[in-house]
Amino acid sequence: MNEELIEQIEKAGTDGNGDAAEQAPKTSWLIFSICGKKYAVRSCEVREIIRDLTIYKLPFLPSYIEGVINRRGDPFTVINPLPMIEGQNDSSPKEPLFLLLKRDDDQISLHISDILFFHDVEDSELHGIANNDDDIFLGTFDYKGEEIPALNTESFEVILKKDMGSMK
């Protein structure tokens, strides 16, 4: 009886197509939009998606920093990625929707327009372009004929530290 259960579990793990170890590794991506343009971040890098918080403006900061939000007493820096990506300072999402990034050292959130869907991508299908920690994009992947840019969440902290003068 136990041997039959073990055999069924092993078959379910391989989907009947060979060893589970032979299957290509996949990463789950959260696809979202900012002012009508689609972007993606690894799902494992998102702590929380939160709506309807007030952004408290702070003076004398780079244009991509909109201010801070208060999440249960914890301040999160609100970053609008569009000025970093496109160099335009006049585009900002109108909706109060934020991706809180999962980080050990800093509390950063991205101001976005809408959550679209989750999509699993084989790691070999990510067309990498990032060469440095401060590259905004990790690469792109194809979703139904559309190239979706994958954001490098580490780059936000690196760029922020450089712009604020705490990194050489």
Side-chain angles (χ1 to χ4, degrees), residues 25-123 125-130 132-164 166-167:
K26 291 185 175 185
T27 300
S28 176
W29 293 86
L30 171 62
I31 290 78
F32 58 93
S33 69
I34 305 173
C35 296
K37 296 178 182 164
K38 293 178 185 168
Y39 299 97
V41 294
R42 290 184 193 105
S43 300
C44 65
E45 294 176 341
V46 176
R47 173 185 304 197
E48 187 175 352
I49 301 164
I50 198 158
R51 176 179 298 280
D52 295 333
L53 291 179
T54 301
I55 299 174
Y56 297 96
K57 305 286 185 195
L58 299 173
F60 312 115
L61 293 174
S63 62
Y64 58 86
I65 300 176
E66 295 183 346
V68 295
I69 55 175
N70 180 354
R71 179 194 156 265
R72 298 184 198 123
D74 293 325
F76 279 77
T77 302
V78 178
I79 293 178
N80 175 6
L82 289 183
M84 300 169 112
I85 294 168
E86 300 176 351
Q88 298 175 358
N89 295 335
D90 58 348
S91 313
S92 181
K94 305 294 183 245
E95 301 79 5
L97 183 61
F98 308 95
L99 288 182
L100 305 182
L101 300 180
K102 192 182 294 182
R103 309 208 27 93
D104 293 331
D105 52 352
D106 283 319
Q107 295 175 314
I108 296 174
S109 65
L110 301 181
H111 191 180
I112 65 171
S113 297
D114 197 11
I115 298 293
L116 300 176
F117 50 89
F118 289 89
H119 180 59
D120 291 337
V121 177
E122 287 186 16
D123 293 350
E125 293 177 4
L126 179 67
H127 311 288
I129 58 174
N132 302 313
D133 286 341
D134 61 351
D135 286 341
I136 298 285
F137 298 106
L138 289 171
T140 63
F141 58 85
D142 183 65
Y143 177 76
K144 296 184 179 180
E146 182 178 5
E147 284 293 308
I148 306 288
L151 297 179
N152 177 8
T153 59
E154 293 294 320
S155 70
F156 298 114
E157 179 182 358
V158 172
I159 293 169
L160 180 63
K161 284 183 177 180
K162 281 183 181 178
D163 287 349
M164 300 304 287
S166 63
M167 220 173 157

>> Rounded at 0.5 Å granularity, tell me how far CD1 in Ile159 sits from CD1 in Ile79.
In response: 8.5 Å

>> Nearest 0.5 Å, please: how far is CG in Leu101 from CZ in Phe156?
In response: 7.5 Å

> Do Tyr56 and Val78 touch side chain to side chain, with heavy atoms closer than 4.5 Å?
Replying inline: no

>> Does the plane of the ring in Phe137 sit parallel, tilted or perpendicular to the ring in Tyr39? Use 30° and 60° as the thresholds.
In response: parallel

>> Measuring only between side-chain heavy atoms, which start at C-beta, is Leu58 closer than 4.5 Å to Ile65?
In response: no

> So do the side chains of Ile115 and Leu99 get within less than 4.5 Å of each other, counting heavy atoms only?
Replying inline: yes

> How about Leu151 and Ile85: do any of their side-chain heavy atoms sit closer than 4.5 Å?
Replying inline: yes

>> Please give me the minimum heavy-atom distance between His119 and Val121, naming the atom from each residue.
In response: CD2-CG2, 3.3 Å

> Phe32 pairs by side chain to side chain contact (heavy atoms under 4.5 Å, CB included) with which of Ile49, Val41, Asp114?
Replying inline: Val41

> Ignoring hydrogens and geometry, is there a side-chain-to-backbone donor-acceptor pair from His111 to Lys94 under 3.5 Å?
Replying inline: no

> Which distance, rounded to the nearest 0.5 Å, do you find between the CZ of Arg47 and the CD1 of Ile108?
Replying inline: 10.5 Å

> Would you say the side-chain atoms of Ser43 pair up with the backbone N or O of Ser28, donor to acceptor, closer than 3.5 Å?
Replying inline: yes

> How long is the span from the CZ atom in Phe98 to the CG atom in Leu53, to the nearest 0.5 Å?
Replying inline: 6.0 Å

> Taking the side chain as C-beta and beyond, is there a heavy-atom pair between Pro93 and Asn80 under 4.5 Å?
Replying inline: yes

>> Once rounded to the nearest 0.5 Å, what's the spacing between atom CD of Glu122 and atom OG1 of Thr27?
In response: 10.0 Å

> Taking all atoms of both residues into account, what is the closest heavy-atom pair of Val46 and Lys102, and its distance?
Replying inline: O-CE, 3.9 Å

> Hey, are the side chains of Pro81 and Ile136 touching, using non-hydrogen atoms and a 4.5 Å cut-off?
Replying inline: no

>> To check you understand the geometry: which heavy-atom pair defines the closest contact between Glu66 and Lys57, and what is its length?
In response: O-CD, 3.3 Å

> What pair of heavy atoms forms the shortest contact from Ala150 to Leu126, and how long is it?
Replying inline: CB-CD1, 4.1 Å

>> Here's a test for you: under ring pair (Phe, Tyr, Trp, His ring centres under 6.0 Å), which of Phe141, Tyr143, Phe117 qualifies with Trp29?
In response: Phe141

> Can you tell me how far the CZ atom of Arg71 sits from the OG atom of Ser109, to the nearest 0.5 Å?
Replying inline: 10.5 Å

>> Once salt bridge (charged side-chain N to carboxylate O under 4.0 Å, His left out) is applied, do any residues pair with Lys38, and if so which ones, sequence neighbours excluded?
In response: Glu146

